[in-house]
Amino acid sequence: MSCGACTAGYRLLYLLREPMGEPHHRAICGPAINCNLLLDRMLVSLVLTRTAIAHFVSRIRRASRQREWALNAAREREIENERLV
């Protein structure tokens, strides 16, 4: 959820920004760079990074749950074996 809010906030700042004058534009972005293109690429980078992080976190959570289930099953088998002995 916070990733979506971050992306939405970035996009909102992008849409509500005030146009810069030519001297200020050159000082920040350089003469050969289109600031709009730079900001678009930054947004794409943010979304791709957010997606990759979310993917790997979900994989880690899934692996952790599977490990927990396997551990619980092994404990139950051990308790059953002790009862049989």
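Please read all numbers here as calculations on a predicted model, not as lab measurements.
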Original post:
Going from CZ on Arg41 to CG on Leu43, what distance comes out if it is rounded to the nearest 0.5 angstrom?
Top reply: 13.0 Å
Original post:
Does any pair with a residue in residues 58-77 pass salt bridge (charged side-chain N to carboxylate O under 4.0 Å, His left out), and if so which ones, sequence neighbours excluded?
Top reply: none
Would you tabulate the side-chain donor-acceptor contacts of residues 46-54 under 3.5 Å, counting partners in other chains and residues two or more places apart, or write 'none'?
| residue | atom | partner | partner atom | Å |
| --- | --- | --- | --- | --- |
| Thr49 | OG1 | Ser45 | O | 2.8 |
| Thr51 | OG1 | Val47 | O | 2.8 |

